[in-house]
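Here's the structure, in structure tokens; my notes come after.
Heavy-atom basis, side chains included; hydrogens, waters and symmetry copies ignored.
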Amino acid sequence: MEFNNNVKLIQDILFSETPSTVLDLEEVAYLTRLGTHGVDSLNNEVARLNEELAILEHQTRDMASQNYQIFVQSAQTTNKIKNYLADGSKCVSTLATEILPNLKIQVSGFSEIPCNTILEEKEASNYLFEKRESISRLLEMPWTVRRCLAEEKLPDAIKILQSSQDFTKNLSDPPSILLKTCSEVTTLKSEIQHALLLKLSSGNIGLSECLQTVSLLRNFFPDDKSLRFRYLQSRMKDISFEEARIWMFDTLTQHRAAFGGDSSHYLSTWVSIQINRVLADMEKQIDHAEGIDSLMMQATYFGESLARVGADVRGLIVPTFAEHLIRKLEHNLTQSEIQFVRNLNQFNISTAVVSSAVNPESANLDFPGPEDMSPPKQLITHPPLALYLNDVLTLLNFVGKCPLTQSAPLVISKLEGSVNKVGHELETWGSSEWLTWEPKEQSEFNRMKRYFIHLLVPHLDRILRLIYPPLSISEVTGLSITKCAEMIQIKYIRSEVIES
């Protein structure tokens, strides 16, 4: 304390002209050091201080010269800051006098409607956030449905479709992205339906799988009537005769199990269309089939199978075979008659005279016994008759493979007409050649006619009774055996026989 007072006393003495100030520690230390020097040292101190002052002045001038640009830029920056502050002041003034009052007017009703909207959107956002996992699965539903279709997991695809529809119903105002996703899933509805119908059209589908598929299809159709129609439409197919039995039997069985009795015309129409296609294919096979008996057996079994499910078509199958049989009989008989006339015109009766002379046994009219069904050997000496008989027997062998009772009258009528035509051709040929023949040749011709009347015609009649036994015809028609025997008979109406 005493030291500080001494320093202050010295300051007052040395610097009496300067106002009294409070010295800091450095100044006090400097004055203390001066107090320890002598007079010479104090004089030197003044010189030293002047020298330092000159150095500082020189350095200040150098610094101002070297940093002139910085000083200029600082001045410019200061001016810009003043301008910016002026502009800011103007903006604040505008904000306070114009914008804020208008904003206050505009937001005065904000708390009434917009605020409620924000709250609702906030609640919706919170709900979406809570359901983010479900929504993520929802956004993947179109891809999931397509994968189910590719992997034939149709029940899963339908579940996803129903979930999508339920989701859109439960939300009053769902987001647009979810609506777009659900709409995309809904567009796949037709593909799911097509896949189910395509599955029904497969020939390998079993009863249980068919019932499951029909059950899934009920989600797409308002009633059983439309579903029944689409089911039968999917089962409409061009099938061969061999595949028709299993295809139609399965379809009718599955239809009955899925829909019960048919109160509409759909099923009967479907059966009618399919049967017509089957019969058309069967007619093609009949024309090219080698064994009509085996084809007839398949057709009969086909009719019996469908009869067990209420679609007996045997009444349509038999007329088809009968018509084919009559057409083939008529065509072949016509060819045989033409060939007979051709052979007859090329026949030299004198060769038959020689053959009869060489083999006298060929001249008898003995008919083979009841157990002997071979053709009469006497006809060999007369080739036109033998060839005609061979052609007719070949044709009757074909008829015997499929001896339809309803075709018996036409078969008998066609065969009888052919025999009479051949007989009349024989008589016409004999009449035209009679005057050119010698007595032996005329006698041989009369023998040839007797062979035709007493051997050829009776043999055909016997074969015909084997094909159509009167007893069997009587059981089917209810007529007496005698009446049936009269019906199954070939009669030749003779012209006047030319005797030698």
Side-chain angles (χ1 to χ4, degrees), residues 1-133 135-136 139 175-178:
M1 185 71 179
E2 183 179 358
F3 175 76
N4 291 334
N5 292 330
N6 293 330
V7 170
K8 186 175 185 302
L9 179 61
I10 295 172
Q11 178 184 7
D12 293 336
I13 294 172
L14 294 177
F15 306 102
S16 58
E17 295 178 359
T18 61
S20 179
T21 58
V22 179
L23 301 177
D24 57 13
L25 295 178
E26 291 183 358
E27 291 175 344
V28 172
Y30 174 71
L31 292 176
T32 301
R33 191 177 72 251
L34 288 179
T36 60
H37 293 174
V39 176
D40 295 333
S41 296
L42 291 175
N43 292 327
N44 294 332
E45 183 67 19
V46 173
R48 186 183 67 80
L49 290 175
N50 291 328
E51 184 180 354
E52 288 184 357
L53 181 61
I55 293 172
L56 288 174
E57 183 180 359
H58 178 72
Q59 290 178 348
T60 302
R61 290 174 180 174
D62 290 343
M63 183 179 66
S65 175
Q66 293 175 358
N67 297 290
Y68 175 76
Q69 293 295 333
I70 296 176
F71 293 153
V72 173
Q73 291 177 359
S74 298
Q76 293 175 351
T77 302
T78 301
N79 291 332
K80 289 182 179 180
I81 291 173
K82 289 180 180 180
N83 293 333
Y84 290 153
L85 290 175
D87 293 340
S89 176
K90 185 178 179 181
C91 291
V92 170
S93 177
T94 304
L95 179 66
T97 58
E98 299 178 5
I99 297 178
L100 289 179
N102 294 333
L103 179 63
K104 182 179 179 180
I105 296 173
Q106 292 176 1
V107 302
S108 59
F110 175 76
S111 60
E112 298 177 1
I113 297 176
C115 184
N116 295 333
T117 304
I118 291 176
L119 291 176
E120 292 177 357
E121 292 181 354
K122 181 180 179 182
E123 292 176 359
S125 300
N126 292 335
Y127 175 80
L128 293 177
F129 182 76
E130 293 174 359
K131 301 293 183 179
R132 59 187 180 278
E133 294 182 0
I135 294 174
S136 177
L139 295 175
S176 59
I177 183 64
L178 295 183

> Just wondering, are more than 12 heavy atoms of other shown residues or ligands nearer than 6.0 Å to CD in Glu51?
Replying inline: no
>> Walk me through whether Ile55 and His58 qualify under side-chain contact (heavy atoms from CB on, under 4.5 Å).
In response: CA-CA 5 Å; Ile55 293 172; His58 178 72; 5.7 Å; no
>> As an exercise, state the distance from CD of Glu52 to CG of Asn50, rounded to the nearest 0.5 Å.
In response: 9.5 Å
> Are any non-hydrogen side-chain atoms of Lys82 and Leu85 less than 4.5 angstrom apart?
Replying inline: no
>> Tell me whether Ser93 contacts the main-chain N or O of Ser89 through its side chain, where contact means a donor paired with an acceptor under 3.5 Å.
In response: no
